[in-house]
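Within every chain, numbering begins at 1; the chains are lettered A, B, ... in the order of the sequence lines, protein sequences first and strands thereafter. For clarity, every value in this text was computed on a predicted model and none was experimentally measured.
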Protein chains: 2
Amino acid sequence: MAYRKTPAEIRRLEVAREHLVACATSVVAEVGWSQASVTAVADAAGIAAGSVYQHFPSKAALAVEVFRRAAGREVEVLGEVLTAPGDPVERLSRGIHVFARRALENRGLAYALLAAPAEPAVGAERLDFRRRYRALFAAVVREGIADGVLPEQNGEITAAALTGAIGEVLVDPLGTPDGTTTEALLAELTAMALRCAGAPAP
Amino acid sequence: MAYRKTPAEIRRLEVAREHLVACATSVVAEVGWSQASVTAVADAAGIAAGSVYQHFPSKAALAVEVFRRAAGREVEVLGEVLTAPGDPVERLSRGIHVFARRALENRGLAYALLAAPAEPAVGAERLDFRRRYRALFAAVVREGIADGVLPEQNGEITAAALTGAIGEVLVDPLGTPDGTTTEALLAELTAMALRCAGAPAP
DNA sequence: GGAAGAAGTGAACCATCATTCAGAGTTTCC
DNA sequence: GGAAACTCTGAATGATGGTTCACTTCTTCC
């Protein structure tokens, strides 16, 4: 027994790993998955390319971790808003607002999570992510139907439409063009979402 | 002057090129852009890899051609339906139906056009393609507003939502799950689209 | 028939990265 | 201090896949 990791050393490694994940996330948000080479990520984190493999068995594993962290945060935030107590329509409205606002505030990341070209492993995660998003929206829509404040409909389809719609609006240069402010865009998006779910006009 | 392409020879080359584009389209629809290597495409067309370069200067150029052809057909068909004479709401309904039905009938191709990971050159084409789709839907929505059959709204956002929604529904295994038939799915999609645009319930 | 020129072939070439590894530098503990 | 065990480095390795090119095969036209 001549060497055993001391708690401080374990901590140092954990911190290094966190730092790597954080830097990788930034790189992905900035240049997308396809441009985020191991070298680029390692450079951003200030370590050698080879050192990445001390923390992750492969580039794909790192990419999946980056995706899961970021996507997990988003799902969590949206989940809290959508499952809060209160009127389903009101919650839906807030949920769209939060979803879209967060995406607009970190567009690069939103694009990476929702649509950017990525390796298959990330693509699989993305399907799961979208499914979770959909499930959250669908649950609220179904509640609205049960409460009689939304018309009869297939909640899954409406939910898919909502995620698709927001994604589409964010993906290409439509977000903040000529005159439209972020607030106006958010208001329009929310209005569209409520119509889409069949909520009566205010 | 010892050699000059005879009309028949020119025709033969054109046919070969068409055949190559057609085969490439099939390969892309089946396995996606990322798996459609030059070799795979050449094999499908029954020619050698090197021969591809007699018709296109690069793989990217061939990919762009494949995309443009397929996307162009879709835009054309949708355009015809949406700009036909008649009630805007009715046209919108038909447009969604046609868009979605065609996508469902050739899901691989729809996925390739709308969402599948692809090289940057194709990505740029895709943005353009989506923009054209949006413009078509947006025009009808604006007409509906002008006619007083749709409520005031940002037509671009509604249009983006419609394309995003259909894309989302098609992309992952939600299209034809357990019990849902294609017809039921189309009906639900259309209903959702009309609600989204704010058309009064039938 | 045969010379000139084009199309077609497919193995070799080359660029790009992810991944590995031998060696240098650190940390632990006697 | 020093041996053992670990982390870190970055150049070498290897795989993938687009592109090239010397060569063969086919067309044209005298």
What's the closest nucleotide to the Ser51(A) side chain, out of dT9(C), dT9(D), dT19(D)? dT9(D)
Counting only side-chain heavy atoms from C-beta out, which of dT20(D), dG8(C), dG10(D) sits nearest to Tyr53(B)? dT20(D)
Can you tell me the distance, in whole Å, between the CG atom of Leu62(B) and the C1' atom of dT19(D)? 14 Å
dC26(D) C1' sits how many Å from Gln54(B) CD, rounded? 12 Å
Length of the line joining Phe56(A):CZ and dA18(C):P, which is rounded to integer Å: 15 Å
Arg132(B) atom CZ, over 12 foreign heavy atoms within 6.0 Å: yes
Considering only NZ, NE, NH1 and NH2 on the basic side and carboxylate oxygens on the acidic side, decide whether Glu183(A) and Arg101(A) come within less than 4.0 Å. yes
When you measure from the side chain of Ser37(A), which nucleotide among dT7(D), dC17(C), dT9(C) comes out closest? dC17(C)
Separation of dC8(D) atom C1' from Leu13(A) atom CG, nearest Å, is 11 Å
Enter the distance from Lys59(B):NZ to Ser37(B):OG here, rounded to the nearest 0.5 Å. 6.5 Å
Given that Val38(B) and Arg12(B) both sit by DNA chain D, which one's nearest nucleotide is further toward the 5' end? Val38(B)
Rounded distance (Å) that lies between atom P of dT7(D) and atom CG of Leu20(A): 15 Å
Integer-rounded Å distance: dT9(C) P and Ile47(B) CD1: 7 Å
Could you work out which one of dG8(C), dT19(D), dT9(D) sits closest to the side chain of Lys59(B)? dT19(D)
Measure the acute angle between the ring planes of Phe99(B) and Tyr133(B), then classify it against the limits of 30° and 60° as parallel, tilted or perpendicular. parallel
Identify which nucleotide among dT27(C), dG10(C), dA7(C) has an atom closest to any side-chain atom of Ala48(B), counting heavy atoms from C-beta outward. dG10(C)
Flag for Gln153(A)-Arg195(B): side-chain donor and acceptor within less than 3.5 Å: yes
Gap between atoms CD and P, on Glu9(B) and dT28(D) respectively (whole Å): 5 Å
In whole Å, what is the span from the CD1 atom of Ile10(A) to the P atom of dT7(D)? 10 Å
